[in-house]
Amino acid sequence: PCLQKKILDYFNGD
Amino acid sequence: MFELRLEQGSLLKKVMEAIKDLVNDANFDCSATGFSMQAMDSSHVALVALLLRSEGFEHYRCDRNISMGINLANMAKILKCAGNDDIVTVKADDGTDSVTFMFESPTQDKISDFELKLMDIDSEHLGIPEAEYDAIVRMPSAEFARICKDLSSIGDTVVISVTKEGVKFSTRGDIGTANIVCRQNTSVDKPEEATIIEMKEMVSLTFALRYMNSFAKATPLASQVTISLSSDLPVVVEYKIAEMGYIRFYLAPKIEE
């Protein structure tokens, strides 16, 4: 079982 | 007023084909630097960043920064109407809610213009930090596309592992498993056929193949693809666009729960 990470877990809004 | 002219209009067609299935709507930002776009897919798992530098256009005028909200499927429909050899001009006047695409045949005997309505898109612009990657793989883009296509007939996810042996693409599914190893190969006659692996640390990450196959639609833009991997970052799959810029796809990994 793998959890799909989200882009927002790594990059933040300016 | 904003206006750009690109003699190699097929390039814009290829850009749209590369991103239209990944992103629905996006803001295209026009500034003195160039024509750029950043957008996430609807699941917020992948991000695409496009840059076409102003110097790369035959003509580029941007009196003030503007952001044009565009439905990509509709823009792709319009760009499909351009011939592969056509010269493309994109024009938007200040304060209007549309953008005009003009296509000129090389012999100037056919000139078409299409007006596309702009949309208000509420999109978040993400800051992408500069990063040092554990491993960077440069390889023929067609080879990468072939590997992603082949593996997706076996499984849904790909494990990309970089070791000193090379880069390994692995998958598993109901029918069995598959492993494809590409070794560094710089002794080719043509630089576009080389595979170059720069590794600081061994790295192994799991990604959804569906997205990799979507990124591979950018293959016609560049003979080489660069895959940058770090254990704690999204992978970057980059296609350079001639001397003008790039299209970069970021994909968040899958991790063990």
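In the text below, chain A, chain B and the rest are named by the order of the sequence lines, each starting its count at 1.
Within 6.0 Å of the CG atom in B/Asp122, the count of heavy atoms belonging to other residues, nucleotides or ligands does not exceed 12. Residue B/Met202 places its CE atom among 12 or fewer non-hydrogen atoms of other residues, nucleotides or ligands, all under 6.0 Å distant.
Applying the salt bridge (Lys or Arg N to Asp or Glu O under 4.0 Å) rule to B/Glu201 yields no partners; only residues at least two apart in sequence or on another chain are considered.
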Show the numbers, then the answer: is there a side chain to side chain contact (heavy atoms under 4.5 Å, CB included) between A/Ile7 and B/Leu126?
-> CA-CA 9 Å; A/Ile7 283 292; B/Leu126 300 183; 3.5 Å; yes
Full working for side chain to side chain contact (heavy atoms under 4.5 Å, CB included) between B/His44 and A/Leu8 = CA-CA 7 Å; B/His44 292 194; A/Leu8 297 167; 3.5 Å; yes
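Applying the side chain to side chain donor-acceptor pair (under 3.5 Å) rule to pairs touching residues 156-168 of chain B yields B/Ser161-B/Ser204, sequence neighbours excluded.
Note: B/Gln38 CD to A/Phe11 CZ = 9.0 Å, rounded to the nearest 0.5 Å.
The main-chain N or O of B/Leu251 is never found under 3.5 Å from a side-chain atom of A/Lys5 such that the two would form a donor-acceptor pair. For A/Gln4 (side chain) and B/Phe207 (main-chain N/O), no donor-acceptor pair under 3.5 Å exists by modelled atom type.
A/Tyr10 has its ring centre no less than 6.0 Å from the ring centre of B/Tyr250.
Proximity to chain A is limited to the backbone of B/Asp232, based on heavy atoms less than 4.5 angstrom apart.
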